[in-house]
Amino acid sequence: MFLINCPYCGERDQSEFSAGGEAHIIRPKQPTELSDDQWAEFLFMRKNIKGVQLERWNHAHGCRKWFNMVRDTSNDKIHAVYKMGEKPPIK
Amino acid sequence: MSKNLRITNDKFIDQTSRISFKFDGKTLYGFKGDTLASALLANNIHLVGRSFKYHRPRGIMTCGSEEPNAIVQVGNDASMTEPNTRATEIELYEGLVASSQNCWPSVNFDVGAVNNFFSPLIPAAFYYKTFMWPASFWEKYEYFIRKSAGLGRSPTEPDKDFYDHRYLHCDVLVIGGGISGIIAAKTAAQNNLNTLLIDDKNKLGGTTLFQQNECFKINNTYSSEWLKKEIESLNLLQNLTIKTRTTLAAYHSYNYLLARENLTDHLSLSEKQNKIRQRLWKIRAKKVIISTGAMERPLIFNNNDRPGIILSSSIKKYIDYFGVKCGQKISLFTNNDSAYETAISLNKSGVTVNSVIDIRDKTDSLIVKQAEKLGIKIYWKHTVVNTSGYKRINSIDIMKLSDDGNEVVGKKFSEDCDCLGISGGWTPRVHLFTQSGGKLKFNDKDNVFLPDKSELEQISIGSCNGDFELDSIIKNSVESINEFLNINNNDYKNLEIVCSKELDKKNIWLLPSDKPLGKTKPFLDFQNDSTATDVKLALREGFKSIEHVKRYTTTGMGTDQGKLSNMHALGIIAETAGVKMGELGTTTFRPPYTPLTFGTIVGRNVGEFFDIIRKTPIHDWHVENKAEFENVGQWKRAWYYPKKNESMYEAVQRESKAARDSAGMLDASTLGKIDIQGSDASEFLNRVYTNAWSKLEIGKCRYGLMLNEDGMVYDDGVTTRLGENHYIMTTTTGGAANVLSKLEDYLQTEWPELDVYLTSVTDQYATVSICGPNSKKILSKVIPDLDLSDKEFPHMSFKNASIDNVKCRVMRISFTGEHSYEINIQSSFGKSVWEKCFEAGKEFNITPYGTETMHLLRAEKGFIITGQDTDGTMTPVDLQMDWIISKKKYDFIGKRSLYRSDTIRDDRKQLVGLITDDPKEVLEEGAQIVSETNKQPVEMLGHVTSSYFSPNLNKSIALAVVKNGKKLKGHKMFVPMKNKTINVTITDTVFLDKENKRLNA
Ligand SMILES: [Zn+2]
């Protein structure tokens, strides 16, 4: 079980968190101007990387804040956590 | 107790306190400190079970957690009996009752043993191949096979014991209290690190604890004497916590570990009373030191499974620790030096050692020389080719090995014995290391897998890391600990260590016999009864991957996870397939390391604590008034209130009629309530609901439909504007938590610019709903000063009011189609307001109704229930609710998806009403709908989502989703059931009061 460093609360057990999929997928500002394909790209298509991935997490049973995480899916190493709206700290 | 099998040995066993216990119905005696296994051996009982497939007699083989044979059922109480426990791990206590598990009807006469005579007919994968027989065959055999397959008996009544879970945080966790673990724990604690040392035995010290051999000395004393002082010195360390009888069950990522502490299993039945039986420790350790040691391997040769064949190091522990002789005339069979330690211990205790059969050429290590000096006979370069004795070994056949070790040569000769010790070398216990995600490497010299790379803050030290000799164990452990903890401990630098060094090594995975392989039974996995022959057969049949061979032959698939068998299975596969061991990979060891009881896993989360139960503030009233309850999520909701002997149907019919004829009341407190505040609250609602919110006046309510981004209906409910920047949203009962987190997600991640704050207030308010033509009169009695005229307080509006000086919010909204009010008041006043309304309504025969009547009433009006009439594939258009989709709004969640090519198909399933031709015929919810009766197969056009008999319309009504349903109004359809076909007509979804006259009645 992971030990996750919530940017607002500090280190907490994974059981307090829920995962929210790939990060940095921005909801289009003008959805009505998109073709079906473009909208489908936003709606359905997600990467599933073996390796370093940027993910959304929610401290659901804590401060309820959403934040982002840099995690290596091949060994579950969490390289960094950062707040919503911030740039990923590592490439 | 057979007196002559015990020697005087009072170090670890209290031979003054005798303990009585029962095994297979027979009363026996042992001593305090015994395990069940050592006590049985002292009673000259070796035969403790039957093998899984061939039902061969099997005996105690080890002295620890890797035991494959001595698997017993403990206790005979229907609630406390426990299967699959290892006799080698059960500490003897007064009143212990245990029985052989894998035999029927008894261990001495076993029905399944007939399998052994037919064994050529039972090859590898026997059970898998059996599954392919016709199913009717299997049913007949199942009873017999289950009974004789020895899977143990489950308790049939709830466990009466208490179990516990606790968290523990430490700087350093040391797993295993052998010599290296003790050094590690002492070093860490001395350096101000908060340290936890755990060991699965009841005493620390590992095998060094009872090592009293001239060949193993530290500072001129026996290594055991030196270690004893080290263990004593641990008591002085304040930073150190020691937990014995504690097994590390699972090692997860981020150094999160689960350990099971046995608190009462060793106590007598009376001492156990009212105590916590086992505790699961949830440990988060900054650093982990694994010092789990190594386990001895068996040797794989013909008939190597008879009772009386025991691992050589276990024989040593039984004599040196428990004072128990495993036999009177013991032979030893080995490929390494450790069997000589056993030979010397036995010799010192007066047990006859017939001979040591060693597959190696003559070797001259210190320990071998000592054995020779004692006059112990050694057969160099020999092997055991067969054993005899059905229920206990009585002789072995020995032959000389050829130079290449592939065959036997010369003349066969026999040796009588009542016990055979076997040693095939040592396997480091790397199970926990691999559980934690660590990668192994193969070491050709010792034929062992050793820890290689790990991502975690951990090290392995001692023999679990491949150090098998006393001097290197201490030297390498100290170095690793110093580096790992970044300290410089010199305490162990100048120890004077004497130890015998192994000079020659030889390993043969499958030892040759004078008979052809197919005629022999060299067992690999004793618990699952697979032989080397089976593994070779699997390879011949085309299986290549170790995981496939394992499953096909069931090697390593028992409750012991093949702790003893895996290395040999790998060795034989590698040899046969001509690949290197390191390239073959290993099978994965999974948690738990040894089986855990369900009690330990669930801890206190049993009975009413298994899941949260949520009750409304009015719950007690429902109970007093004999309501039946329905689970809605975690909520207990009043379902219906049967009077006298009413059936559910009768009660619901009565409640439904009363609500429309006069007045009904419903506890609606479970509806989700979210308080929304902030200067952008209106804009926020515009974005999350399909309809427009900006123009909603203060004091007015509006129904809203919430979609997912894919355009499918997600939730619905009424939201009220309480002030300029203040709304209260209601959600479905089951959807409340998800809606809140979805809204938070959008607020925090997509629209952080919005000034909006969300607070869940579901539990803060109780909601009493009164409906029916007399609801206005009733409310006016409860809140006399509130103007209830349609002009002042019209449908879909709200008023602040107070009842007995307690503020409340009253909404005039309706989910039944009747004139209706909802009173929201702080929870603590919920029950008194409910009772007040009930009293006020008595003259109008106000009738409390539950969720079932609520569902019926709303169905009469064609109102949907999300989750019942929708299933995540319905758009508002599919629901014929186009009216709720704002055309003017630029965007809202899910809007773009409403005109994707798939959502604008006109042959989608759409919500319709159904009327049965026979008004008495009530459809089954979930029933399928077709348009033809004489065709097979026939296309399913849809299904019934809600169905009731309406007492107010006096006919059966239903809602359904039907392909292209909107255009099929008036069409006849068919609902095929098991015994008949029901004729139906597609209608509008609104069955009652299409003009909404009743809302203002
Ligand atoms: Zn937090």
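Below, chains carry the letters A, B, ... as their sequence lines are ordered, and counting in each starts from 1. Keep in mind it's a predicted model, so treat the numbers as computed, not measured. Side-chain atoms are counted along with the backbone in the values below, which use heavy atoms only and exclude waters and symmetry mates.
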* Sort B:Y890 into side chain, backbone, both or neither according to what part of it lies under 4.5 angstrom from a heavy atom of chain A. => both
* Asked: Given the options A:L34, A:N68, A:I26, which has more heavy-atom pairs under 4.5 Å with chain B than any of the others?
  -> A:L34
* **Spacing of CD belonging to B:E455 relative to CG belonging to A:D72, to within rounding of 0.5 Å** => 7.5 Å
* **Max heavy-atom pair count under 4.5 Å with chain A, selected residue of B:P752, B:S741, B:S901, B:A737** => B:S901
* Residue part contacting chain B, namely of A:F44, when any heavy atom lies under 4.5 Å -> side chain
* To do: Indicate the atoms forming the closest heavy-atom contact of A:R64 with B:Q748, along with that distance.
  => O-NE2, 2.9 Å
* **Note, B:Y254 side chain near A:I4 side chain (heavy atom, < 4.5 Å)** => no
* How far does CG of B:D891 sit from CZ of A:R27, to the nearest 0.5 angstrom? -> 4.5 Å
* Minimum-distance pair of heavy atoms, taken over all atoms of B:S897 and A:W39 -> OG-NE1, 2.8 Å
* Is the shortest side-chain N to carboxylate O distance from B:K282 to A:D13 below 4.0 Å? -> no
* Asked: Between B:D902 and chain A, which part of the residue has a heavy atom less than 4.5 Å away: side chain, backbone, both or neither?
  -> neither
* Could you walk me through whether B:R896 and A:D36 pass side-chain contact (heavy atoms from CB on, under 4.5 Å), step by step? => CA-CA 9 Å; B:R896 176 61 185 81; A:D36 269 13; 2.8 Å; yes
* Say you draw a straight line from CG of B:N255 to CE of A:M1; how long is it, rounded to the nearest 0.5 Å? -> 13.0 Å
* Answer yes or no: is there a side-chain heavy-atom contact under 4.5 Å between B:Y256 and A:L3? => no
* Asked: Near B:Y899 OH, under 6.0 Å, is it more than 12 heavy atoms from other residues, nucleotides or ligands?
  -> yes
* Taking everything shown except A:N48 itself, do over 12 heavy atoms lie less than 6.0 Å from its CG? -> no
* Asked: How long is the span from the OG atom in B:S253 to the NZ atom in A:K77, to the nearest 0.5 Å?
  -> 12.0 Å
* Side chain from CB out, backbone as N, CA, C, O: work out which of these in B:L740 comes under 4.5 Å of a heavy atom of chain A, or both, or neither. => side chain
* Please look at B:F892 and chain A and tell me whether the side chain, the backbone, both or neither of the residue comes under 4.5 angstrom of a heavy atom of that chain. => backbone
* **Which atoms of A:S35 approach chain B - backbone, side chain, both or neither, heavy atom under 4.5 Å** => backbone
* Asked: So what's closer than 4.5 Å to chain B heavy atoms on A:Q38: side chain, backbone, both or neither?
  -> neither
* To do: Run the numbers on B:D745 and A:R56 for side-chain contact (heavy atoms from CB on, under 4.5 Å), then give the verdict.
  => CA-CA 10 Å; B:D745 188 354; A:R56 285 152 35 90; 2.7 Å; yes
